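A short write-up of the structure that comes next.
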2 protein chains.
Amino acid sequence: MFQDRAIEKYTMVPGHHQGTCASPKDQSIKLRADETIYSEGEYALAIYQVEAGAVRIYRLTSNGQRHILSFCGKGEWFGLESGNVRTDFAEAICETRLRSFRTNQEAVVPIDLLHIALTNLAKAQCKQLIISEQSALKRLAAFVQEMADRHPEDAEFDMMMSRSDIADYLGLTVETVARSFTKLREKRILRLAGKSQRMVRLLDRDALIALTI
Amino acid sequence: MFQDRAIEKYTMVPGHHQGTCASPKDQSIKLRADETIYSEGEYALAIYQVEAGAVRIYRLTSNGQRHILSFCGKGEWFGLESGNVRTDFAEAICETRLRSFRTNQEAVVPIDLLHIALTNLAKAQCKQLIISEQSALKRLAAFVQEMADRHPEDAEFDMMMSRSDIADYLGLTVETVARSFTKLREKRILRLAGKSQRMVRLLDRDALIALTI
DNA sequence: CGTCCTCTTGAACTATCTCAACAGTAGTGG
DNA sequence: CCACTACTGTTGAGATAGTTCAAGAGGACG
């Protein structure tokens, strides 16, 4: 049952990018917010690199809880798995552009799969340290710092993910995430803006780092 | 400073295994309990496979807390990193035998590094799900199940690691680990034995699995 | 026999979760 | 244009689970 959907989904992809790309040599896939890239149980036929936007990788537990394993921003790779069947879900968080590479056929441009795997391993280990922090404020501080590191030049940046995404990433509830954000605001560490309070302006980076220690 | 210690440590290894191995072609390293295999900051010159015993991989945070990233049992590989400098510590939990493989020189027996990296990535992702569980009992149940899976044939097995190891692995305190173990005992899911209560006899595997859901 | 270490248990505290209400925004349709 | 709905984020109050601090039990070892 899963496999049929997987193949169907994959074969949809060419049509997908034909609609959005002018040049035939441009292999990028464009996705709207919350669009699915792949789902658990599908055949793993390709790996992806984020050209623009952001992606969430998550799993669903048997009791229906969602655990976000990682967020992938510009330049990051995802979709490389040990088996040939997907163990998780991948969705675009916002409007997103991807490049896909089939893993079964020999790549024209050789891809360093080992490097990608080790980078993702390092990311996963780093995240383990974050969610092992017992304090919610510490976890959120670490998360904000991680997000801020992706925009080193900008004074203000868009997190793009919802409070619910952040909660499922940090192993907290939406309410504690919101409360921790107001604590960061009260401490004058950051300022929130935008329609859904997802625009972050860092006021005191040192204080933020001090929190994560 | 770290590098000097690294090289010194590495050059100690041959002497180490000469003392314990009769045959010169036997490349296995023997370690006593709590002996260090490598430390943060050292040069990463080799990867290891556990032949017997168990290993803990951990990091120390700036405030001195220890976070155990993974336990490696028989057959498992560790020590493969993205950079050429160690980012974590590796220690033998009990009496342990390892095989080491230098990563810089061409291996006589080709090792599938990608497979090792992806296996470790899958392990790290699985652990993320465990420690994202909010209940301490669920986390411990998942841990016990993971340990039990390494001894599918035995009715009773030795966890080997201390309560403190388990606490630092699950992101809990020693006390809650102990309390959760007594809860598992009270629920007649397992029985503990041995001098430090590290021998586990599973009485109700289904109830254990039910807890992890 | 005393010391050390690990594990366990108790009691108080604290942080997070849960349940609930409300505010702001966007989209819909009269 | 204005209700109406839907969704997201915030805040409050009480319940709950884990931490912290403290003490004690049991084994190992000199």
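Here the structure is a predicted model, which means the values were calculated and not measured. Throughout, protein chains are lettered first and strands after them, A, B, ... in sequence-line order, and every chain is numbered starting at 1. Because only heavy atoms are used, hydrogens play no part in the values below, and waters and symmetry mates are left out as well, while side chains stay in.
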Length of the [atom1]-[atom2] vector between [X] and [N], whole Å:
{"X": "A/Asp168", "N": "C/dC17", "atom1": "CG", "atom2": "P", "value": "12 Å"}
{"X": "A/Glu133", "N": "C/dA15", "atom1": "CD", "atom2": "C1'", "value": "15 Å"}
{"X": "B/Lys195", "N": "C/dT6", "atom1": "NZ", "atom2": "P", "value": "10 Å"}
{"X": "A/Glu175", "N": "C/dA21", "atom1": "CD", "atom2": "C1'", "value": "12 Å"}
{"X": "B/Leu192", "N": "C/dT9", "atom1": "CG", "atom2": "P", "value": "10 Å"}
{"X": "A/Arg198", "N": "C/dT25", "atom1": "CZ", "atom2": "C1'", "value": "12 Å"}

Check step by step if side-chain hydrogen bond (donor to acceptor under 3.5 Å, both in side chains) holds for A/Thr87 and A/Glu81. CA-CA 8 Å; A/Thr87 55; A/Glu81 316 225 12; 2.9 Å; yes

Which residues pass the ring pair (Phe, Tyr, Trp, His ring centres under 6.0 Å) test with A/Phe71, sequence neighbours left out? A/Tyr169

Give the first and the last nucleotide of DNA chain D, reading 5' to 3', that has any atom under 4.0 Å from a heavy atom of chain A.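 Listing 5' to 3', DNA chain D meets chain A from D/dT8 to D/dA13.
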
Would you call A/Glu175 and A/Arg179 a salt bridge, using N to O less than 4.0 angstrom?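 No, no charged N to carboxylate O under 4.0 Å.
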
Could you pull out all residues at least two apart from B/Val174 that satisfy side chain to side chain contact (heavy atoms under 4.5 Å, CB included)? B/Arg163

Contacts of A/Ala92 meeting side chain to side chain contact (heavy atoms under 4.5 Å, CB included) (sequence neighbours excluded), chain-then-number -> A/Leu31, A/Thr96

What salt bridge (charged side-chain N to carboxylate O under 4.0 Å, His left out) pairs are there with at least one residue in residues 190-203 of chain A, not counting sequence neighbours?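 Sorted result for residues 190-203 of chain A: A/Glu156-A/Arg201.
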
Counterpart residues, salt bridge (Lys or Arg N to Asp or Glu O under 4.0 Å), relative to B/Asp165 (two or more places apart):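 B/Asp165 satisfies salt bridge (Lys or Arg N to Asp or Glu O under 4.0 Å) with B/Arg56, B/Arg66 once adjacent residues are dropped.
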
Pick out which of A/Leu140, A/Ile68, A/Val144 makes a side chain to side chain contact (heavy atoms under 4.5 Å, CB included) with A/Ile166. A/Leu140

OP1 or OP2 of C/dT6 sitting under 4.0 Å from any side-chain N/O of B/Ser162?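 Answer no for this pair, as no side-chain N or O of B/Ser162 is under 4.0 Å from OP1 or OP2.
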
Please tabulate, for the side chains in residues 202-213 of chain B, all donor-acceptor contacts under 3.5 angstrom to protein atoms that are two or more places apart in sequence or on a different chain.
from     : atom 1 : to       : atom 2 : distance (Å)
B/Asp204 : OD1    : B/Asp206 : N      : 3.4
B/Asp204 : OD1    : B/Ala207 : N      : 3.1
B/Thr212 : OG1    : B/Ile209 : O      : 2.6

If only atom types and distance count, is the side chain of A/Thr103 paired as donor or acceptor with the main-chain N or O of A/Leu45 below 3.5 Å? yes

Could you note down all residue pairs passing side chain to side chain donor-acceptor pair (under 3.5 Å) where residues 121-133 of chain A supplies at least one of them, sequence neighbours left out?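 As it turns out, the side chain to side chain donor-acceptor pair (under 3.5 Å) pairs with a partner in residues 121-133 of chain A, which skip direct neighbours, are A/Glu76-A/Lys123, A/Gln125-B/Arg59, A/Lys127-B/Gln128, A/Gln128-B/Lys127.
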
Give me the residues of residues 176-191 of chain A where at least one heavy atom lies under 4.0 Å from an atom of DNA chain C, by number, or none. A/Thr176, A/Arg179

According to the ring pair (Phe, Tyr, Trp, His ring centres under 6.0 Å) rule, which pairs have a member within residues 190-213 of chain B, sequence neighbours left out?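 Applying ring pair (Phe, Tyr, Trp, His ring centres under 6.0 Å) to every pair that reaches into residues 190-213 of chain B, excluding sequence neighbours, yields nothing.
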
Which residues in residues 135-145 of chain B have a heavy atom closer than 4.0 Å to any atom of DNA chain D?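 The stretch gives B/Ser135, B/Ala136 as the residues lying under 4.0 Å from the strand, ordered by number.
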
For the helix from C/dC1-D/dG30 to C/dG30-D/dC1, what angle separates the axis at the start from the axis at the finish, each from five pairs, in steps of 10°?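 Roughly 20°, once rounded to the nearest ten degrees.
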
Does A/Lys138 have more than 12 heavy atoms from other residues, nucleotides or ligands lying within 6.0 Å of its NZ?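 Enclosed: over 12 neighbouring heavy atoms sit under 6.0 Å from NZ of A/Lys138.
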
